[in-house]
Structures are given as structure tokens and as C-alpha cells.
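Encoded as C-alpha cells, the structure appears first; notes follow it.
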Amino acid sequence: MPARALKDRIKAQISAEGPLSVADYMAICLGDPEAGYYTTREPFGATGDFITAPEVSQMFGELIGASCLAAYEAMGAPDRFQLVELGPGRGTLMADLLRVCTLRPAFLKAASLHLVETSPRLRKIQQETLAGAPLKPDFRTTFADIPDGPLILIANEFFDALPIHQFVKTSDGWRERQVGLSADGGFIFGAGTARLPDDAVPPRIAGSAEGTILETQPAANAIAEDIGARIAKPGGAAIFIDYGYLETGPGDTLQALYRHEFDDVLAHPGEADLTAHVNFEALAAAAARGGATALPPMTQGDFLLRSGLLERAGALGAGKSREEQEAIHDAVERLAAPAEMGDLFKVLAVTGAGISFLPFDSAS
Ligand code: SAH
């Protein structure tokens, strides 16, 4: 069993080299080439650990497709551009998006499609899903591999899978939270010696009680900054959708999902999905550091309703059976209702100067 071997391998590594940062633990659990979660598991859908928005309904990818078409027009309908998705999962969002984009043949003619995906297994599924699509994907390992040119980029539930660091407030400052071994050989959290510089802590959090946890997401921010730089010049637009928070705040958001149930994050390395909430304030600041404009973010519910979710649901349901109409109605609830995905998920659009991204308000 590769997953069991992974637990033992992590323990052996900790015994030999000392505790792992939360970021290293997360990176190994998700990305180990032999036994990592995304390498070995089928995370999506009813038999997996979670269902993502594009798997809930085709409407999700279609509405994002409509926004991308509008962004393409706002960019001046360039002759060539790079259409990029980060972490495409089963490829469902891209298939739905491309179907909408057939409405504008010039968009498809100008686009080169790049899927940034590390898992060979998921690449194969994405290829199958897109077999009948109007564009053939090139697979890329990182965003840095995307060729030059204007960009339209989509990332749904990508940033939450990137490693975060955690720091614990102690009597001796904010110290890096680590995964070590307890006396009985199990995994245990502890505070290491690495410190978060005091100037990295927002003043309103500085006085937090001992034991408070603060998270940082340098991996996510580095990618957002690179995207921001590409969008600033030669231009483009990007949309980031994830569960997360709009303002930096304290709290432990690292979570494990194992067969649709929350799980102890240390219990099933490689077998459970591990994610952390995305700090959208930090993501927007990173994109802005790169030179792009981060438009004021909104909740997924607002984004979808403003994009015409209800109208699309009505059109999709017209003439269908009662069961099919009920399924569409359920999907609308699931995607947009505040108690479901509507409030927890946030949407951030990042654009080049003067480029709008509907349905977002322009920054100026
Ligand atoms: N966007 C999809 C899947 C989200 S799951 C959906 O909404 O259904 C996260 C995806 O990101 C998976 O495809 C996973 O293999 C990929 N992924 C995770 N870490 C990655 C990394 N560092 N680089 C590239 N892809 C990554």
C-alpha cells in the first residue's frame, strides 16, 4: 500500500532530519510522486472526497466562459493569446468553458490552451474529457512554463492545494508550527525555532493570545505575483476561485477530507485531501505587486448571480422533465446559496490596465 508506506516514510524522515514544517508536510501528502494524494487518488465526485463547482453543474464553467469571452473583447480581441487553467481536475470546467467560447470563433482561433497539472493521472483524465473539444491542450508543470503572450487564466480550487506555513504565538514570538513525532511514535504538532518577523504580522493580530495560529501562503502568493506580472505586460485577465477569507486574520484553516468526512490532518497522509483556506487579501496584494489590477473580490454566490446563473438555469431547464429541472434547481442552490458554496467561496479577478472583467466592477 503506497499510502501506508508514505506514513512510514514521513516518520523515518522526521526521525532522521527533525520535524517538518506544516508546508513541507502538506507538500509531501499532496504531491509525493509515488504516494501523494493527487498522484494516487480520485478526489472528485460522489465516490471521491469532495465535489467541486464544475462537477456540480455545467453552468459554472459556462458562466466563467462568458466572462472570459468578455475579457477577450476588453483586451481588444488579440490574434494570439494563452488560455490557461491551473489545476484543472477532471477538465470539466474547461470543457464547459470551451463550449461557450465556440460562440466566438475568433476566440478559439487566437487561443493556445495550456493546462497546468502535476498529476500524470489527472492529465490523462483531462485529455479524455477534452477529446471532443475545439482546442487541444498542452500540458505544463508550472505557470512559469507558459509561453509569452497575452493571458486569460482560470484557477478554481487550485490555490487551496498549495502548501501553507503556520506560525504559533508563543511567549517568545510567532514560531513556525511543525509536525514531529510523539513519544509513542505518532505525529504531533509543535513549535519550531523559525520565526515570523514581527513586521509580517498585521498590527490588529500582533496582540493575539498565546497558542493563536497565523498562516502564510508564500507558494500561492509567488504564483499570483507571476501571473500579475504577465497580466500587467503584455496584458490579460485572470480569475481565481477558492474557499477562503477576504482579510488576513488568525486561525487554523488546515483541514483534511477523507471520504467526504473531515479527518484529523495527521491521520491519513497521502490518503486524505489536505487544503487550507486561501487568503484573498494576500493573493490580491501579490498580483498587484506583479503590476496587475486586483478588482474588488466578491463571493461565489454574488459572482454567479451577477453572471446570470438564474437566467442560465431557466434556459437550461426549459422543456426538460421535472426531475431534470429539480436537479438544475439543486445545483443553483449548491453553487450560490450562502449556506452552501455561495459565501465560503470567493472570486478574485486580476486584470491588466483598463481591462474589465465582467461581472466585476472596475477598480477605478
Ligand atoms: N479545478 C478543478 C480541480 C481542483 S483540485 C475543479 O474545480 O474541479 C486541485 C487541482 O490542482 C488538481 O487537478 C491537482 O492535481 C492540481 N494541483 C495541485 N497542486 C498542484 C501544483 N502544485 N501544480 C499544478 N497542479 C496542481
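Along the sequence shown, residues are numbered consecutively beginning with 1. For ligands, and for the atoms within them, numbers begin at 1 and follow the listed sequence.
A salt bridge links Arg99 and Asp96; the closest N-O separation between the charged side-chain nitrogens and carboxylate oxygens is under 4.0 Å. Ion pairing of Arg123 with Glu117 is absent here, as no side-chain N (NZ or NE/NH1/NH2) approaches a carboxylate O to less than 4.0 Å.
Residues that satisfy the side-chain hydrogen bond (donor to acceptor under 3.5 Å, both in side chains) test with Arg334, not counting sequence neighbours, are absent from this structure. For Glu324, the side-chain hydrogen bond (donor to acceptor under 3.5 Å, both in side chains) criterion is met by Ser321, not counting sequence neighbours.
Sorted by first then second residue, the salt bridge (Lys or Arg N to Asp or Glu O under 4.0 Å) pairs that include residues 131-140, not counting sequence neighbours, are Asp138-Arg140.
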Contacts table for ligand 1: protein N or O within a distance under 3.5 Å of ligand N or O, distances only.
from: ligand 1; atom 1: 1 (N); to: Gly87; atom 2: O; distance (Å): 2.7
from: ligand 1; atom 1: 1 (N); to: Asn156; atom 2: O; distance (Å): 2.7
from: ligand 1; atom 1: 7 (O); to: Thr52; atom 2: OG1; distance (Å): 3.4
from: ligand 1; atom 1: 7 (O); to: Asn156; atom 2: ND2; distance (Å): 2.7
from: ligand 1; atom 1: 8 (O); to: Thr52; atom 2: OG1; distance (Å): 2.5
from: ligand 1; atom 1: 13 (O); to: Gly89; atom 2: N; distance (Å): 3.0
from: ligand 1; atom 1: 13 (O); to: Glu117; atom 2: OE1; distance (Å): 2.6
from: ligand 1; atom 1: 15 (O); to: Glu117; atom 2: OE1; distance (Å): 3.4
from: ligand 1; atom 1: 15 (O); to: Glu117; atom 2: OE2; distance (Å): 2.5

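The aromatic ring centroids of Phe81 and Phe107 lie less than 6.0 Å from each other.
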